[in-house]
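Working notes, beginning with the structure itself.
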Amino acid sequence: MARILTILGLVIMVSSLLSSPVLAQDTDWTEWARQAELAYLNGDYAQASVLYTRLIESGVRDFTVYYNAGSAYYQNGDLGLALSYFLEAQLLNPRSQALNLNIARIRAERVDYLPESNDVVNVLGSATITIISLRELQIITLVVWSFWFALWGIFFISPSLRLRIRILQWVSGVLMVLFLVFMTTRMFIREFRGVAVVTSPVIQVMSGPGEDYLPLYRLFSAAELRLDDVQDNWARFSLGDGREGWVLRDAINPLEG
C-alpha cells in the first residue's frame, strides 16, 4: 500500500506541477496597464475594460489585471464579464477578501439562482477554492509527500527509530491522502468540468447543438455553467440543480484556469 501511494503521489504531483500555467514575463504590457488604470480612475470604465481585456488577451496572467478588469466591467454594468474575470483572479489569489466579496455581490445581483452541485467531487473540489490556489495545494502536497516518504526511508534504514516515528508516519500519511484528494478533485474539475460564465445579456438554451433543436429555457448574464462537451460553435453544459442543455459558445466565457 505504501508503495502504491508513493508512486501515485509522485506521478500526480510531478505531472500537475509541470502542467501548471506560467505567468507572462513580458514587461511591455505595463504601459497598457497604466493607461487602463488611468481610464478607470477617470471614470471611463468602457475604455478601462477594453484595455484590461487587451492585456489578458495578450497573455498576461496576473491577479491585479484580472481583478481590475472585473472591477471595470462591473462598474460598466457587465455582470457576466465582471464575474468571469473575478473568478480568474480567484484562481490566482483565493484569499483576497475584497475579491470574494465582489464575487458574492455579483452572484446575489444576477437573475439566475444557481445552487452548487452536491456531488462528492464538486464538494471536495470546491472546499478549498477560497483558501488555497491549486498551485499552492500542489506544492504543499509535494512537501507532505516528501516528508512522508523520508519517514519511510528512516523506518527501513534505522529500525531503532521505528517506534519514535510511527505517529509521524500516520499523521503525515493521513495529511498526504487528504491533500491528494483535494488536489486531484480540483484538477479533475478543471480538466473535465470546466467552468464558464454567461457573458451575453440573455441566452436561449437548446436541447441539442443547433437552432433546429427544441428551446428549453433561458439563462442570463453571470450564470455559471459546468462545460461537458463542445461541438463546433455549441457547448453542452450542466447546472448545479441538474438542468442541462446546449448554448452558443460565443455567449459564454470559459475560465482559463
Report summary line: Between the CD atom in Q35 and the OG1 atom in T30, the distance rounded to the nearest 0.5 Å is 10.0 Å
Query raised in the report: Got L79 and F220 here, is their nearest side-chain heavy-atom distance under 4.5 Å?
Result: no
Query raised in the report: Is the CG atom of D232 crowded by more than 12 outside heavy atoms at less than 6.0 Å?
Result: no
Query - Joint hydrophobic cluster, L81 plus L255, side-chain heavy atoms closer than 4.5 Å - result: yes
Query - Side chain proximity check, R243 to L216, heavy atoms < 4.5 angstrom - result: no
Requested in this report: Please test T130 against I103 for side chain to side chain contact (heavy atoms under 4.5 Å, CB included), starting from the C-alpha separation and ending with a verdict.
Outcome: CA-CA 11 Å; T130 60; I103 292 174; over 6 Å; no
Query raised in the report: Is there side-chain contact between L178 and M176, with at least one heavy-atom pair below 4.5 Å?
Result: no
Requested in this report: Say whether, by atom type as modelled, one donor and one acceptor occur between the side chain of D62 and the main chain of T64 under 3.5 angstrom.
Outcome: yes
Query raised in the report: Got N102 and Y74 here, is their nearest side-chain heavy-atom distance under 4.5 Å?
Result: no
Report task. Using atom types as modelled and distance alone, determine if a side-chain donor or acceptor of R226 lies under 3.5 Å from a backbone N or O of L239. Result -> no
Report summary line: d(Q138 CD, L134 CG) to nearest 0.5 Å is 4.0 Å
Query raised in the report: Does the ring center of F149 lie less than 6.0 Å from the ring center of W152?
Result: no
**Report entry** Heavy atoms of other groups near L41 CG, more than 12 under 6.0 Å
**Finding:** yes
**Report entry** Check: D241/Y113 side-chain N/O donor and acceptor closer than 3.5 Å
**Finding:** no
Query raised in the report: Do any N or O atoms from the side chain of S172 and from the backbone of Q169 form a donor-acceptor pair under 3.5 angstrom?
Result: yes
Report task. Without swapping roles, check the side chain of T128 against the backbone of I131 for a donor-acceptor pair under 3.5 Å. Result -> no
**Report entry** Option from I140, L142, L137 for which side chain to side chain contact (heavy atoms under 4.5 Å, CB included) with M183 holds
**Finding:** L137
Query raised in the report: Taking the side chain from R249 and the backbone from N233, do they hold a donor-acceptor pair closer than 3.5 Å?
Result: no
Query raised in the report: If we ignore angles and hydrogens, is there a donor and acceptor under 3.5 Å between the side chains of S71 and Y52?
Result: no
**Report entry** Within-4.5 Å side-chain heavy-atom neighbours: N93 and L99
**Finding:** no
Query raised in the report: Which heavy atom of R186 sits nearest a heavy atom of S133, and at what distance?
Result: NH2-C, 3.4 Å
Report task. Return yes if some donor-acceptor pair links the side-chain N/O of N76 with the main-chain N/O of A72 below 3.5 Å, else return no. Result -> no
Query raised in the report: Would you find a donor on one side and an acceptor on the other, under 3.5 Å apart, between the side chain of S84 and the backbone of G80?
Result: no
Report task. Say whether, by atom type as modelled, one donor and one acceptor occur between the side chain of N100 and the main chain of S96 under 3.5 angstrom. Result -> yes
Query raised in the report: So if you build clusters from Ile, Leu, Val, Met, Phe, Trp, Tyr with side-chain heavy-atom gaps below 4.5 Å, do L168 and V174 land together?
Result: no
Query raised in the report: Are Y213 and W246 close enough that some pair of their side-chain heavy atoms sits under 4.5 Å apart?
Result: no
Query - Candidate pair Y66 and F86, rule ring pair (Phe, Tyr, Trp, His ring centres under 6.0 Å), full reasoning - result: CA-CA 6 Å; Y66 278 119; F86 280 146; over 10 Å; no
Query raised in the report: Taking atom types as modelled and ignoring hydrogens, do the side chains of E37 and N68 form a donor-acceptor contact shorter than 3.5 angstrom?
Result: no
**Report entry** Close side-chain approach of W234 to E211, heavy-atom, < 4.5 Å
**Finding:** yes
Report task. Taking atom CG of D212 as the centre, report whether more than 12 heavy atoms of other residues, nucleotides or ligands fall under 6.0 Å from it. Result -> no
Requested in this report: Write down the atom of I252, the atom of A235, and the distance for their closest heavy-atom approach.
Outcome: CD1-CB, 4.0 Å
Indicate every side-chain donor-acceptor pair of residues 195-207 with a distance under 3.5 Å to a residue at least two apart or in another chain.
residue: T199; atom: OG1; partner: A251; partner atom: O; Å: 3.3
residue: Q204; atom: NE2; partner: Y217; partner atom: O; Å: 3.0
residue: S207; atom: OG; partner: L214; partner atom: N; Å: 3.0
residue: S207; atom: OG; partner: L214; partner atom: O; Å: 3.3

Query raised in the report: Do the charged groups of D119 and R193 touch, with an N to O distance under 4.0 Å?
Result: yes
Query raised in the report: Near R218 CZ, under 6.0 Å, is it more than 12 heavy atoms from other residues, nucleotides or ligands?
Result: no
Report task. Measure the shortest side-chain to side-chain distance between I139 and E136 over non-hydrogen atoms and say whether it is less than 4.5 angstrom. Result -> no
